[in-house]
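The next block holds one structure in the form of structure tokens; read it before the comments.
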There are 2 protein chains.
Amino acid sequence: MHTSLLQHIQKHINLEPSEIDILESALSISKIKKKELVLQEGQVCNTIYFIIKGCMRQYIINSKGAEQTLQFGIENWWITDYLSYHNHIPSHFYIQAVENSIVVAIEKTTLEAILIEIPKLERYFRIVSQKSFGAAQMRIKFLFTMSAEERYHHFNNLHPEFVQRVPQYMIASYLDFSAEFMSKIRAGKV
Amino acid sequence: MHTSLLQHIQKHINLEPSEIDILESALSISKIKKKELVLQEGQVCNTIYFIIKGCMRQYIINSKGAEQTLQFGIENWWITDYLSYHNHIPSHFYIQAVENSIVVAIEKTTLEAILIEIPKLERYFRIVSQKSFGAAQMRIKFLFTMSAEERYHHFNNLHPEFVQRVPQYMIASYLDFSAEFMSKIRAGKV
DNA sequence: TAAAAAACTTGAACTACTTCAAGAAAAGTT
DNA sequence: AACTTTTCTTGAAGTAGTTCAAGTTTTTTA
């Protein structure tokens, strides 16, 4: 396993050397090719992914057959469908690699075993998921209060590198407007 | 403390009698009058609230001075601003009682102490917040894929009691359309 | 139980966005 | 280097919603 997950965990809790050993032996990295899907709509989600390198996204296919990105994940983010994961119900989402990516993929059974061996990790996941929930609430705030153009500029200011990395149409759908409209915003034609 | 919080916790983890004692003595209930604010924009949020009875909401005031509800909480829900709570930063939100409510209000210092005494509770909060995050993602999905009318009918089917309980204009803003438009949807004039 | 405040309704005018269609540019593949 | 696929751009026409203003109904308060 790459050290970045350990570092991320140790930002929030202290691990003993023995606990690090347990993690090292239980977890491994995997590579995911650009465009590869790790979850599809209708499947039950049994895995959580920590992104070591690259970029993933969670998206849906709407009633018109178009993809809409709900969530991006980059280095040091977790990505999964928690509702499907916890309730054993079919997922509404696709999870896909936007770039060739390196992740730590943890199966539910593995994670449950690790959490029993290292109960301290419950705290880590608690804090991380509370912060994610907080971020989701801010996201809803921005969707509610800003115009399309404001959302674009705000996102562009906050994550300029990111806008370079992924196709514009994915960002447009993440910000909830059409790719065509994004093009016009960028050209100043609005 | 009312038993409903204990029951909610014990849906997810098993508590020893001694642990229940600790909780009982550390926590107490408080009453919040309708329209009373427990958090205002600009304040740092240092408390999490478990709703025993009643209804709370998290809202913002937008650039036009109008309130927009981001989140409702009813019986057996937690409500707080996790981003402000964790990062000690001023909140973007107001949290207010929609009805006269009874809550367990837990200060950050109290909660941290309890979590050290009963580490098992980390698991409870981890699971609850992961599920909340999953629900927030579904919420974004619905906002993205459904028309205003679809969102109204969907919400009305899912939570019919709830629509009776709170003013329509709050539900309209939660579903991200105007109170006037909601009136037209209900009258079938759209 | 009257008065005041809060919540809901209605229609008309407006607008921030979408959709469509077609072409251009950029990136990926052999 | 040529071909294919993917991504981005542009304008014209359409529409799902908003905003405003005024009136009505319901709920709360004194």
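Per chain, numbering begins at 1; letters A, B, ... match sequence-line order.
- An end-to-end axis angle of 60° holds for the helix from C:dT1-D:dA30 to C:dT30-D:dA1, taken from five base pairs per end and rounded to 10°.
- Partners of B:A136 under the side-chain contact (heavy atoms from CB on, under 4.5 Å) rule, at least two apart in sequence or in another chain, are A:F133, A:A136.
- Evaluation of the ring-ring contact (aromatic ring centres under 6.0 Å, His included) rule for A:F181 yields no partner, not counting sequence neighbours.
- Within the structure, salt bridge (Lys or Arg N to Asp or Glu O under 4.0 Å) pairs that include any residue of residues 135-152 of chain A do not occur (at least two apart or interchain).
- With sequence neighbours excluded, the residues that form a side-chain contact (heavy atoms from CB on, under 4.5 Å) with A:N62 are A:K64, A:A66, A:Q68, B:T145.
- Applying the side-chain contact (heavy atoms from CB on, under 4.5 Å) criterion to B:K33, with sequence neighbours excluded, gives B:E36, B:N100.
- The stretch residues 149-168 of chain A touches DNA chain D through A:P167, A:Q168, each having a heavy atom under 4.0 angstrom from the strand.
- Among residues two or more places apart in sequence or in another chain, the side-chain contact (heavy atoms from CB on, under 4.5 Å) test is passed with B:I61 by B:Y59, B:E67, B:Y94.
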Please list, one pair per line, the donor and acceptor atoms closer than 3.5 Å that link side chains of residues 70-83 of chain A to other protein atoms, with sequence neighbours excluded.
unit_1	atom_1	unit_2	atom_2	d
A:E75	OE1	A:R165	NH1	3.3
A:E75	OE2	A:G54	N	2.9
A:E75	OE2	A:R165	NH2	3.4
A:W78	NE1	A:Y124	OH	2.9
A:T80	OG1	A:T47	O	2.7
A:D81	OD1	A:L83	N	3.0
A:D81	OD1	A:S84	N	3.2
A:D81	OD2	A:S91	OG	2.7

Exercise. Summarise how protein sits on nucleotides 18-30 of chain C as a single string, 5' to 3': B when a protein heavy atom is under 4.0 Å from the base, S for sugar-phosphate-only contact, - for no contact.
Key: BBB-------S--
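- Note on residues 13-37 of chain B: no pairs pass ring-ring contact (aromatic ring centres under 6.0 Å, His included), not counting sequence neighbours.
- A search for salt bridge (charged side-chain N to carboxylate O under 4.0 Å, His left out) contacts involving A:R126 returns B:E112, B:E122, not counting sequence neighbours.
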